[in-house]
Amino acid sequence: MSILVLNGPNLSRLGKREPDVYGYQTLDDINKGLVASFPELTFEFFQSEDEGALLEKLFHIEDKGGYRGVLLNAGALTHYSIALRDAISGVRIPVVEVHLSNIYAREEFRRTSVISEVCVGVISGFGANSYHLGVRALLGMSGKQ
Ligand code: DQA
């Protein structure tokens, strides 16, 4: 059983992008940190700037089977993508919403997540550790509840 780590728009720019908000680790550093921390697990990593590609990836792993869950940092899509929300809602696989920054302590528009309601939970504000906590959350679950 694998865990898909799915990252949306602008997360490919981590390390260079607003390091005061998102830190100096690159997405590759974060991914490697997960592999090092959970050597017993199998991870798959996917990032896209494109909303459609994220949806297709989600459908693909749902149809393929063999996935324990998804860690999703949807970036700005978090705040407005009803298409992403509907996709998460329509799959059986549990999705944990993660954010590096605390979206509730920033601009007003970031305080609304249109995907939280259809995710199994939300982890926000712990930097790269949000992903590690997300993995732990998935390990403690038996499926979408
Ligand atoms: C983010 C928070 C979003 O508001 C923002 O658009 C991002 C990153 C985070 O990880 O803190 O791109 O999801």
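These numbers were taken from a predicted model, which means no experiment stands behind them. Read the numbers this way: they start at 1 and go in the same order the structure lists the ligands and their atoms.
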To the closest 0.5 Å, what do you measure between CG (Leu55) and OG (Ser48)? 10.5 Å
Main chain of Arg85, side chain of Ser89: is a donor-acceptor contact present, judged purely on distance under 3.5 Å? no
Pairs of nitrogen or oxygen atoms closer than 3.5 Å, one from Ala76 and one from ligand 1: do any exist? yes
Give the residue, atom name and distance (to 0.1 Å) of the protein heavy atom nearest atom 11 (O) of ligand 1. Ser101 OG, 2.6 Å
Given 3.5 Å as the limit, does a donor-acceptor pair link the side chain of Thr78 with the main chain of Gly75, or not? yes
Quick look: Arg17 vs ligand 1, heavy-atom contacts under 4.0 Å, and the answer is side chain
Winner among Leu100, Val98, Asn102, Leu14 once heavy atoms are compared against atom 10 (O) of ligand 1: Leu100
Hydrogens and angles aside, do Arg68 and Ser2 bring a side-chain donor and acceptor to less than 3.5 Å of each other? no
When you measure from the side chain of Asp29 to the backbone N and O of Thr26, does any donor-acceptor pair fall under 3.5 Å? yes
Quick one: nearest non-hydrogen protein atom to atom 1 (C) of ligand 1, plus distance? His99 ND1, 3.7 Å
Please verify whether a non-hydrogen atom of Asn73 lies at under 4.0 Å from ligand 1. yes
With heavy-atom distances below 4.0 Å as the criterion, list the atoms of ligand 1 near His79. 3 (C), 4 (O)
Mark the output for Arg13 as yes if a heavy-atom distance to ligand 1 is under 4.0 Å, and as no if none is. no
Would you tell me whether Tyr22 and Asn10 have side-chain atoms, one donor and one acceptor, within less than 3.5 Å of each other? no
Residue of the set Glu44, Glu62, His60 for which side chain to side chain donor-acceptor pair (under 3.5 Å) holds with Tyr67: Glu44
Test of understanding: given a 4.0 Å heavy-atom threshold, classify the contact between Arg110 and ligand 1 as side chain, backbone, both, or neither. side chain
